[in-house]
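Excluded from the calculations below are hydrogen atoms, water molecules and symmetry mates; all remaining heavy atoms, backbone and side chain alike, are included.
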Amino acid sequence: MTQLTGDYAASWLPWIMIPLVFYILPFPVFAIVFLWIQKEVSEEIKETDNNLAEIGELEVPN
């Protein structure tokens with residue numbers, strides 16, 4: 001019968017991985033996703049502005 005005594009290789013790993021995965025890692029992941037979404041929106045706005053400028057309804061931003 002196996003007893004769970006905590007005497008195994010890298011027994012410190014859960015101690016450091018739980019805070020890293022659940023508390024620290026979400027911040028850069030959500031920041032990258034947010035920047036990616038905002039980049040797509042700003043590209044669509046620029047494309048819309050250029051289309052309106054071609055029509056003559058909006059001045060071209062410099």
Side-chain angles (χ1 to χ4, degrees):
M1 180 176 203
T2 304
Q3 295 182 0
L4 299 176
T5 60
D7 294 334
Y8 52 91
S11 62
W12 51 269
L13 203 54
W15 179 83
I16 192 70
M17 289 302 288
I18 289 173
L20 280 176
V21 169
F22 293 107
Y23 299 127
I24 298 173
L25 187 63
F27 289 106
V29 169
F30 282 107
I32 291 170
V33 170
F34 175 77
L35 292 174
W36 177 62
I37 291 171
Q38 290 299 316
K39 180 181 174 187
E40 286 186 352
V41 170
S42 67
E43 289 175 356
E44 290 176 3
I45 290 173
K46 286 181 184 177
E47 184 175 318
T48 303
D49 287 346
N50 286 337
N51 289 340
L52 290 174
E54 289 177 4
I55 295 173
E57 295 181 6
L58 184 70
E59 293 182 16
V60 177
N62 294 327

The reported gap from CD in Glu47 to CG in Leu52 (rounded to nearest 0.5 angstrom) is 11.0 Å

Between Ile18 and Val21, is there shared hydrophobic-cluster membership here, with clusters defined by ILVMFWY side-chain heavy atoms closer than 4.5 Å? yes

Contacts of Leu20 meeting side chain to side chain contact (heavy atoms under 4.5 Å, CB included) (sequence neighbours excluded), chain-then-number -> Ile16, Met17, Ile24

Contact between Leu35 and Lys39 at the side-chain level, heavy atoms closer than 4.5 Å - yes or no? no

Check your understanding: Should Leu25 and Val33 be regarded as members of a common hydrophobic cluster, given that ILVMFWY residues are connected when their side-chain heavy atoms come within less than 4.5 Å of each other, either directly or indirectly?
Key -> no

- Message: Is it true that, when you exclude Glu40 itself, more than 12 heavy atoms of the residues, nucleotides or ligands shown sit nearer than 6.0 Å to its CD?
- Response: yes

Smallest heavy-atom separation, Pro19 atom then Pro14 atom, equals CD-O, 4.3 Å

